[in-house]
Amino acid sequence: MMIYEPQEDSFLLEKQVKKYALGRVLDLGTGSGIQAVAAAGNKLVREVIAVDINPEAVKRFQEIVTKNKFKKIQILVSNLFSNVECKFDIIIFNPPYLPQDAGIEDAALYGGKKGWEISERFFHQAAKFLAPKGKILFLFSSLTNKTKIDEIISHNLFEAQELVKEKLPFFEELYVYSIHKSDILHELERKGVSDVHYLTKGHRGMVYSGTWNTDYNIKSHFSSKKTVKIAIKVENSTSKASNRIKNEARWLKILNEKNIGPKLYFSGTNYVVMEFIEGKRIMDWIKEHSKEEIIPILEKILIQGLTMDQLGVSKQEMHHPHKHIIVSSKDEVNRKDEPIMIDFERCKETLAPTNVTQLVEWLCRSKNELGQKGIKVKVELLRTAAQAYKMDKSNFKIILNPLRN
Ligand SMILES: C[S@@+](CC[C@H](N)C(=O)[O-])C[C@H]1O[C@@H](n2cnc3c(N)ncnc32)[C@H](O)[C@@H]1O
């Protein structure tokens with residue numbers, strides 16, 4: 001592994017480090033040590049921890065530090081944060097940012113196949129090591145894919161400000177960002193949430209997993225468990241459909257009373273925190289189970305539909321609920337599977353709710369999949385029963401009958 005000798009990128013970042021370093025500093029991927037030395041030169045800096053994955057770089061920089069009696073600097077071998085424990089006011093990172101050249105590997109230069117992979121791992125872990133008001137001084141190049149870097153930053157609930165950019169020959173551009181935690185991340189952390197990780201993007205928001213320390217719990221959802229796995233939905237700032245998150249929180253509160261949906265833990269203006277449902281999407285679950293196991297689950301789903309119809313709420317999307325019903329083994333001891341409906345953003349009050357009739361439509365359309373399990377879906381009978389139910393909800397039982405036989 002080569003030791004990275006300071007280049008244009010190092011000097012560009014060094015200027016910003018001199019300006020902004022303070023308190024306790026982490027210089028990640030220290031290489032020659034240029035950033036650590038720049039930080040230590042600032043009076044506002046108390047201590048600098050300089051780490052690198054390359055033991056040769058660490059050894060050489062240690063010799064320089066010893067020789068020059070740089071008292072504030074401590075040096076360690078570490079793969080990103082692997083040997084680091086505390087929180088920092090400033091984290092400096094000039095990552096290897098080039099896309100990997102075929103056949104050549106060098107941790108000083110290449111950030112992975114596309115160049116941004118190491119940065120993605122870094123931002124995935126960074127929140128835990130950054131003090132609440134801390135800042136990350138981060139350098140990258142246009143060769144790394146700026147759009148991707150911006151996406152990684154926002155997906156990890158950070159916000160970036162461009163401090164400086166510099167054009168290099170051959171159309172390359174370097175950027176230095178100052179990055180801090182977003183207001184949502186601050187608020188979540190204050191409420192005892194940690195390990196927030198991006199899961200997926202929906203139409204109306206982004207979904208994260210996380211861990212919640214229930215000592216911060218206001219209401220009592222828990223008897224003994226200290227930490228619980230949570231799902232966090234954050235409103236997409238670019239989404240035109242505003243207030244969806246508030247709507248989801250409102251309906252979860254109401255429907256939880258009827259044992260429907262993941263448990264709502266708490267919510268804010270643009271986020272909602274709920275129980276993380278582990279399990280399989282309904283059609284995938286059906287593929288792996290027997291007729292005797294499937295029928296009671298289908299009945300429970302229809303009963304949840306009935307409950308929502310009785311409440312005068314339409315969940316929407318119930319005629320294609322594959323992504324919206326998870327079958328989870330809630331009870332790990334008795335392994336009792338439960339269907340849990342998720343995604344209540346589009347829920348609305350209505351005089352003529354259609355949850356059950358939509359679910360019946362889904363069953364009719366899943367005739368083949370259910371048929372493979374020996375469940376005969378009598379389409380005509382079910383549709384007639386659904387019509388009768390539409391007229392009078394007390395006809396609900398006749399929907400269940402064709403399923404049972
Ligand atoms: C582009 S050089 C920057 C060196 C120096 N900080 C500078 O500004 O000149 C990237 C440095 O990151 C180190 N590095 C690469 N992967 C790392 C990892 N997973 N953990 C820690 N350091 C890593 C390399 O050994 C190299 O020293």
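Both ligands and their constituent atoms are indexed starting at 1 by order of listing.
Atom numbering of ligand 1 starts at 1 in the shown order; those under 4.0 Å from a heavy atom of S78 are 20 (N), 21 (C). Of all atoms in ligand 1, numbered sequentially from 1 with element shown, those under 4.0 Å from a heavy atom of L80 are 18 (C), 19 (N), 20 (N), 21 (C). For ligand 1, the atoms sitting less than 4.0 Å from at least one non-hydrogen atom of N94 are 1 (C), 2 (S), 3 (C), 7 (C), 8 (O), 9 (O), 10 (C), numbered in the order shown with element in parentheses. Near N79, meaning under 4.0 Å from any of its heavy atoms, are these atoms of ligand 1: 18 (C), 19 (N), 20 (N). Ligand 1 places these atoms under 4.0 Å from at least one heavy atom of S10: 7 (C), 8 (O), 9 (O). The P95 neighbourhood of ligand 1 comprises atoms 1 (C), with distances under 4.0 Å to a heavy atom of that residue. Taking every non-hydrogen atom of G31 and a distance limit under 4.0 Å, the qualifying atoms of ligand 1 come out as 27 (O).
Annotation: F93 places no N or O atom under 3.5 Å from an N or O atom of ligand 1; distance criterion only. Here's the thing with Q35: one of its N/O atoms is less than 3.5 angstrom from an N/O atom of ligand 1. An N or O contact shorter than 3.5 Å links G29 to ligand 1 by distance.
Annotation: side chain of T357 is in contact with side chain of K390 (closest heavy-atom distance under 4.5 Å). L26 is listed as a side-chain neighbour of V84, based on a closest heavy-atom distance under 4.5 Å.
Neither the backbone nor the side chain of S32 comes within contact range of ligand 1; no heavy atom lies under 4.0 Å. The proximity of I34 to ligand 1, defined as any non-hydrogen pair under 4.0 Å, is limited to the side chain. Residue contacts with ligand 1, taken as heavy atom pairs separated by less than 4.0 Å, involve T30 solely via the backbone atoms N, CA, C and O. When heavy-atom distances to ligand 1 are checked against a 4.0 Å cut-off, A57 has no atom that comes that close, whether in backbone or side chain.
A salt bridge is absent between D284 and R281; no separation between the charged side-chain nitrogens and carboxylate oxygens falls under 4.0 Å. Between E5 and R60 there is a salt bridge, since a side-chain N of the basic residue sits under 4.0 Å from a carboxylate O of the acidic one. Under the 4.0 Å criterion applied to side-chain N and carboxylate O atoms, K323 and D343 are not assigned as salt-bridge partners. Under a 4.0 Å N-O distance rule, the pair E47/K72 does not qualify as a salt bridge.
For the residue pair S290 / E293, a side-chain donor-acceptor distance below 3.5 Å is found, with atom types taken as modelled.
Residue P96 places a heavy atom under 4.0 Å from ligand 1. Using a 4.0 Å heavy-atom cutoff, V51 is absent from the residues neighbouring ligand 1. At a 4.0 Å cut-off, not a single heavy atom of L13 sits close enough to ligand 1 to count as contact.
Proximity annotation for atom 25 (O) of ligand 1: of N54, D52, L12, D27, D52 comes nearest, heavy atoms only.
The aromatic ring centres of F140 and Y177 sit less than 6.0 Å apart. Checked against the 6.0 Å centroid threshold, F122 and F81 count as a close aromatic pair. Separation of the F129 and F88 ring centroids does not fall under the 6.0 Å cut-off.
Proximity of a side-chain donor or acceptor of H322 to a complementary backbone N or O of M283 within less than 3.5 Å is detected.
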